[in-house]
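Worksheet: the structure to be examined is printed underneath.
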Amino acid sequence: MIINSPKNIALLNSLIISIIAGCAFVILTDSFNDINVTSLLIFVAFIFVSSFALINFSVTRFISEKIKVIYSTIGLVRPKPDKKSKVKGDVLEIVNQVVLRWSEEKKKEIEELKEMAAYRREFLGNISHEIKTPIFNIQGYVHTLLEGGLKDDSINTKFLQKSVKSINRMIALVDDLEEISKLESDDIQLNEEVFNLYELTKEVIDFMEHKALEYKTTISINTTSSSSVMVNADKKRVRQVLINLIDNAIKYGNLEDNRIRISFYNFQNNYLVEVSDNGMGIAEENIKRVFERFYRTELSRTRDKGGTGLGLAIVKHIIEAHRQTISVRSSVGKGTTFSFTLKTA
Ligand code: ADP
């Protein structure tokens with residue numbers, strides 16, 4: 001018999017009870033011959049009916065109803081017993097499985113929430129650390145100026161210029177934070193259009209000319225590259241990618257003779273773009289981490305070029321939003337090459 005409902009459980013149990021009661025009736029009666037068969041049958045029937053009613057009521061009221069409450073509490077529909085399963089019809093086993101599954105799902109959700117909380121803590125820690133440095137610098141310069149420095153011509157202009165530099169650093173950080181939060185929100189809107197990447201690169205090189213001169217850097221486009229590099233992408237965002245990569249190649253470039261070269265390679269469906277420099281390079285162990293937010297190598301920290309540590313994270317987000325890839329190869333003291341792909345128009 002399949003014991004999968006309160007009725008079946010009650011039926012089986014009342015059957016056993018009536019048999020035992022019948023035997024007891026016979027034993028307690030002085031001699032078997034004296035037994036009135038009719039009264040024995042009436043007695044057994046009475047025991048059967050009353051125990052069935054009692055057990056059925058108890059199982060339904062105290063077990064089955066509670067199981068239903070468990071199912072509704074955990075928001076799951078009560079599964080039908082699997083006929084092939086070994087635990088066929090075993091209500092408690094099914095409840096056990098469902099509760100286990102439910103607890104595993106909740107455990108996973110809690111883990112994810114914990115990870116997000118840790119990420120938020122780390123992110124906030126990084127932001128406050130990055131903001132603290134320029135704020136304390138400005139505070140120091142302003143105090144010195146107020147305490148008499150203003151009248152000292154040897155420092156007044158210098159300290160004001162340094163304050164402006166720190167303010168610019170904070171503005172850059174806020175801009176980058178705004179950009180990264182936009183990129184990390186789920187709905188990145190790309191305005192894809194067809195444009196000539198060669199022309200855009202030339203535009204960006206002109207835009208960076210001032211900084212390049214300041215760092216004695218020459219930027220060139222590989223002469224073997226065609227001047228028609230038609231791609232389908234979000235032009236404004238690709239411009240940002242080029243600016244960030246060229247800016248890094250200038251900042252972490254060769255101090256004596258810094259040369260940056262940009263190349264385009266046509267691979268039918270995609271263009272491969274490379275931005276190479278002959279600068280300080282990145283150590284092998286740091287390469288896989290440079291795209292992380294706020295990550296900076298020790299080597300570049302010593303130069304302190306006022307970066308935010310978010311530039312490459314932004315670049316990676318933009319390229320991946322285009323469903324393309326970016327990679328880096330580098331060798332310490334020799335230089336670095338960042339390569340990314342874009343869809344050919
Ligand atoms: P930052 O604002 O510090 O430049 P990025 O996210 O742009 O932040 O870069 C992260 C780190 O990667 C830099 O701090 C630097 O250590 C390293 N890096 C990036 N580009 C180069 C490069 N061209 N040469 C050497 N190191 C680089």
Side-chain angles (χ1 to χ4, degrees), residues 122-123 125-134 137 165-184 201 204-205 207-208 211-212 214-220 222 237-263 273-321 325-340:
E122 195 194 321
F123 196 58
N126 281 328
I127 293 171
S128 59
H129 174 79
E130 292 298 326
I131 285 181
K132 243 193 263 166
T133 316
N137 286 346
K165 210 170 147 191
S166 293
I167 291 168
N168 287 341
R169 185 170 181 165
M170 283 206 297
I171 292 172
L173 182 66
V174 171
D175 284 347
D176 280 356
L177 281 172
E178 209 179 4
E179 184 69 22
I180 207 140
S181 68
K182 260 193 253 160
L183 290 166
E184 285 187 358
T201 308
V204 171
I205 294 173
F207 174 74
M208 309 283 296
K211 189 159 188 175
E214 192 189 328
Y215 285 80
K216 300 183 188 72
T217 300
T218 53
I219 312 174
S220 61
N222 193 341
R237 291 216 153 97
V238 173
R239 188 171 195 273
Q240 182 73 60
V241 168
L242 289 171
I243 291 176
N244 288 9
L245 293 181
I246 296 174
D247 188 60
N248 280 349
I250 295 175
K251 283 190 300 193
Y252 310 117
N254 191 305
L255 289 174
E256 261 103 61
D257 173 27
N258 195 22
R259 273 173 282 129
I260 301 172
R261 174 180 279 228
I262 299 156
S263 316
V273 186
E274 288 198 339
V275 179
S276 308
D277 64 62
N278 58 335
M280 60 163 70
I282 305 166
E284 178 81 36
E285 66 271 20
N286 297 326
I287 282 193
K288 54 187 175 303
R289 299 201 58 191
V290 290
F291 293 105
E292 285 175 24
R293 290 172 218 89
F294 298 109
Y295 186 80
R296 294 207 194 107
T297 66
E298 272 314 307
L299 217 58
S300 66
R301 274 179 197 276
T302 54
R303 272 201 201 180
D304 190 26
K305 293 295 165 204
T308 61
L310 292 171
L312 287 180
I314 290 174
V315 164
K316 192 164 191 275
H317 272 300
I318 294 175
I319 297 299
E320 286 178 355
T325 54
I326 178 154
S327 61
V328 55
R329 52 183 198 276
S330 186
S331 150
V332 174
K334 289 192 175 147
T336 306
T337 298
F338 281 92
S339 319
F340 64 93

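In what follows, every heavy atom counts, from backbone to side chain, and hydrogens, waters and symmetry copies are set aside. Atoms within a ligand are numbered from 1 in the order they appear, just like the ligands themselves.
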Could you list the atoms of ligand 1 found under 4.0 angstrom from a heavy atom of L310?
-> 6 (O), 8 (O)
Among L245, N244, V328, find the one that has a side chain to side chain contact (heavy atoms under 4.5 Å, CB included) with L312.
-> L245
Check: of Y252, F338, F294, Y295, min heavy-atom distance to atom 11 (C) of ligand 1 comes from Y295
Can you find a non-hydrogen atom of K251 under 4.0 Å from ligand 1?
-> yes
What do you reckon, does T336 put a non-hydrogen atom under 4.0 Å from ligand 1?
-> yes
Where ligand 1 meets G309 - atom numbers and elements under 4.0 angstrom, heavy-atom basis = 1 (P), 2 (O), 3 (O), 6 (O), 8 (O)
Atoms of ligand 1, numbered as shown, that sit under 4.0 Å from any heavy atom of I282 | 25 (C), 26 (N), 27 (C)
Answer yes or no: are there more than 12 heavy-atom neighbours, outside E284 itself, under 6.0 Å from its atom CD?
-> no
Which option, T297, V290, T308, owns the non-hydrogen atom nearest atom 2 (O) of ligand 1?
-> T308
Could R329 and E274 be called an ion pair, given the rule that one side-chain N must be under 4.0 Å from one carboxylate O?
-> yes
For ligand 1, which atoms, with element, lie under 4.0 Å from some heavy atom of G311?
-> 5 (P), 6 (O), 7 (O)
Partner set under side-chain hydrogen bond (donor to acceptor under 3.5 Å, both in side chains) for S327, not counting sequence neighbours = none
Nearest heavy-atom neighbours spanning N286 and Y295 = OD1-OH, 2.8 Å
List the atom pairs, donor and acceptor, that lie under 3.5 Å between side-chain atoms in residues 331-338 and the rest of the protein, sequence neighbours left out.
unit_1: T336; atom_1: OG1; unit_2: S330; atom_2: OG; d: 2.9
unit_1: T337; atom_1: OG1; unit_2: S276; atom_2: OG; d: 3.0

